[in-house]
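In what follows, a single structure is set out as structure tokens and then discussed.
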Protein chains: 2
Amino acid sequence: MATPTLEDVARLAGVSRATVSRVVNGTRNVDPDLQETVRNAIEQTGYTPNHAARSLVTRRTGTVALVISGAGGGSDVFVDPFFGRVTAGVVDFLRTRGVHPVLMLADTDRTRVDVVEFLRQGSADGALLVTTHAAESLPERLLAAGVPTVLYARPGRPMPVSYVDLDHQAGGRLAAARLVELGCTSVGAISGPLDVLASQDRLTGFRDAMARNGFPYVPVAEGGFTAASGHAAMGRLLVEHPEVDGVFAANDLMAQGAVDVLLEHGLRVPQDVAVVGFDDSAPALACRPQLTTVRQPVEAMAAKMAEVLITSLEDPEQRPISVIFEPELVIRASA
Amino acid sequence: MATPTLEDVARLAGVSRATVSRVVNGTRNVDPDLQETVRNAIEQTGYTPNHAARSLVTRRTGTVALVISGAGGGSDVFVDPFFGRVTAGVVDFLRTRGVHPVLMLADTDRTRVDVVEFLRQGSADGALLVTTHAAESLPERLLAAGVPTVLYARPGRPMPVSYVDLDHQAGGRLAAARLVELGCTSVGAISGPLDVLASQDRLTGFRDAMARNGFPYVPVAEGGFTAASGHAAMGRLLVEHPEVDGVFAANDLMAQGAVDVLLEHGLRVPQDVAVVGFDDSAPALACRPQLTTVRQPVEAMAAKMAEVLITSLEDPEQRPISVIFEPELVIRASA
DNA sequence: ACCTCCTTGGAGAGCGCTCTCCAAAGACTC
DNA sequence: GAGTCTTTGGAGAGCGCTCTCCAAGGAGGT
């Protein structure tokens, strides 16, 4: 048996297609008795509205694209707990609005084109773009295609697009203040990739605050936001500055790697070297000692991002919005 | 300007709508010169096929639902690296086929109904269901609704549905063999939630193998697949069996929690107590000492799940398929 | 040269829904 | 009680696409 259509329900209920549509969508007034009849007919036929047909006329799909633009490496972005947290936040908000996210990875030019195509086809109503690299071209492409878009993180070049972001510099300052407070005399930093705005900002904030506290120079080793890269970066730092007694790592994964190296070298954390991480994600708690870290409320930020998109979908005339979140220092054992 | 339609392209190229459609979709032969003309017209108008319209007639959407049925708790399922790995595997395969996953959480009855509705509306072509609890009702609901479905993990009750799974019992046996090989004389197990088939199977396999090796009784503490629950379970085990020198934890997160407790009690791992985890996910590597663990090839399994769904979408007459993966022991430092 | 077969383009009928318009009928005003 | 306004249901025109059918023309067989 073919799936029942509006027509079938209408015939069974003895009304017009329009009336059934009104009952289903709750638009306009429909006589209560008639409504009852229609509902029965729906029940009896097991009718479900066809999404494609509806979508064709309303020009709405009820889905949004959640685009994750890990620069380098395919689907292994998911090993970073960051993306899981973003996903969680987005899903958490969208589900309250009956909207569903379709997950897309944009890591090559080909896939970036796919994303734009996808949106232009009207397969989704808008895009949530989580990108790290400042040079990412998707924001402008999406903008050019007229796709409602919200970014996680400010765009590399100024453009009229909504975004949510963290005050990364403030986060860097928080970390510096903690190390200074602990009386560290020789501090170093493990930064994220420097083509990522957030990395630059965290470092800038950290350096500025250190400078204001009498540390004009801070040695920096660049990492790649992975535990292994943090491990390597800490190793380099240690070779050049064996006297280091305070380290700021630009995310928890790298902090974890750094702690490992320190321990391997027989140094105690935090007694010999204090370590401050960034993000406050799962590794911060799993790490021994547990990490003192700068909290980024990823879930809340992601949820906000979804919220901004939904509102701008409802009112297309709305101007771009930006929401900046404040980081927070979470003191645990490592610093 | 309104978005261009097939009609616009056809008019510009001086051909019929059908011809443009043929060029776009590559169906049937079209004269090369004409093709060229049409392609130019497409280029010129900036035409993109409308997804809803196409979907309405083809009855295909090019998306599948990736349903994650964490029993208890909303979107925090993503803190478990397991789901990130599943997502990665699924995305990795689907992208090669131009199919996109829409992420859905089924944690309440309401959301379960939503999932079924979603599929019945034809918003997606099929469902990938990742569920842990044996009592999950979605498989039968989906089956009843005639939705092509593939499960990650065998269904709680036998039913004609495709699935991929791991030989969890073999995994349990692998862990047992390792502890026996190390000469442990008093072993305990931290199981997963016992309403999860995989937990039961891992435990059964472990117990059977231990029994065959002269350990008729193995004390068990039930955990909940989180680090905290592993911590608590290990604590209980230690109270009742302070002499324990070998532990099998049913996933890495719990193993990590267990190791923490052991260390807190001044016990050395693996010298005093050997610990074997399960999954070989990120925490296994992050843990100090790094975990010896039973590897579950989650990404490959998830990719296979997607593949099975795609093939059954292509051939709806196909009978259910099941694919069982073999676990593997990964020896690191903890055992 | 006639007939058949194959290739290729066009016409047009939907796919299932929403929504604008219109008409009918009841509720008002004065 | 006539005219006006306000409900509420039905008719029907699309939304943009695919795909079946048909016709035209060229190739091949006899």
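Letters A, B, ... mirror the listed sequences (proteins, then strands); counts begin at 1.
The closest side-chain heavy-atom distance from A:R60 to A:S55 is not below 4.5 Å. The shortest side-chain heavy-atom distance between A:L151 and A:V130 does not fall under the 4.5 Å cut-off.
With respect to B:D80 and B:R85, no salt bridge is recorded, no charged nitrogen being found less than 4.0 Å from a carboxylate O. Using a 4.0 Å cut-off between charged nitrogen and carboxylate oxygen, B:E307 and B:K304 count as a salt-bridge pair.
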Under a 4.0 Å heavy-atom criterion, the protein footprint on nucleotides 5-11 of chain D, written with B, S and -, is ---BBBB
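Distance CD (B:Q121) to C1' (C:dC17): 12 Å, rounded to an integer number of Å.
In the helix from C:dA1-D:dT30 to C:dC30-D:dG1, the terminal helix axes, each the rotation mapping four pairs' C1' atoms onto the next four within five end pairs, subtend 30°, rounded to 10°.
Using a 4.0 Å cutoff on non-hydrogen atoms, the parts of residues 50-57 of chain B near DNA chain D are B:N50, B:A53, B:R54, B:L56, B:V57, ordered by number.
Of the candidate nucleotides D:dT18, C:dT18, D:dG16, D:dT18 has the atom nearest to the side chain of B:S21.
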Taking only distance into account, with no hydrogens and no angle test, what donor-acceptor pairs under 3.5 Å do side-chain atoms of residues 313-320 of chain A form with protein atoms, sequence neighbours excluded?
residue	atom	partner	partner atom	Å
A:E314	OE2	A:R97	NH2	3.3
A:D315	OD1	A:E317	N	3.1

Begin from the C-alpha positions of A:R54 and A:N25 and carry the test side chain to side chain donor-acceptor pair (under 3.5 Å) through to its verdict. CA-CA 11 Å; A:R54 178 177 279 180; A:N25 296 295; 3.3 Å; yes
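For residues 87-110 of chain B, the ring pair (Phe, Tyr, Trp, His ring centres under 6.0 Å) pairs, not counting sequence neighbours, are A:F118-B:H100. Legend: ring pair (Phe, Tyr, Trp, His ring centres under 6.0 Å) pairs involving residues 140-164 of chain B, not counting sequence neighbours, sorted by first then second residue: B:F82-B:Y152.
Test A:T5, A:L34, A:L6 against A:V20 for side chain to side chain contact (heavy atoms under 4.5 Å, CB included) and you get one pass: A:L6.
Remark: A:R59 is in phosphate contact with D:dG16, judged by side-chain N or O atoms under 4.0 Å from OP1 or OP2.
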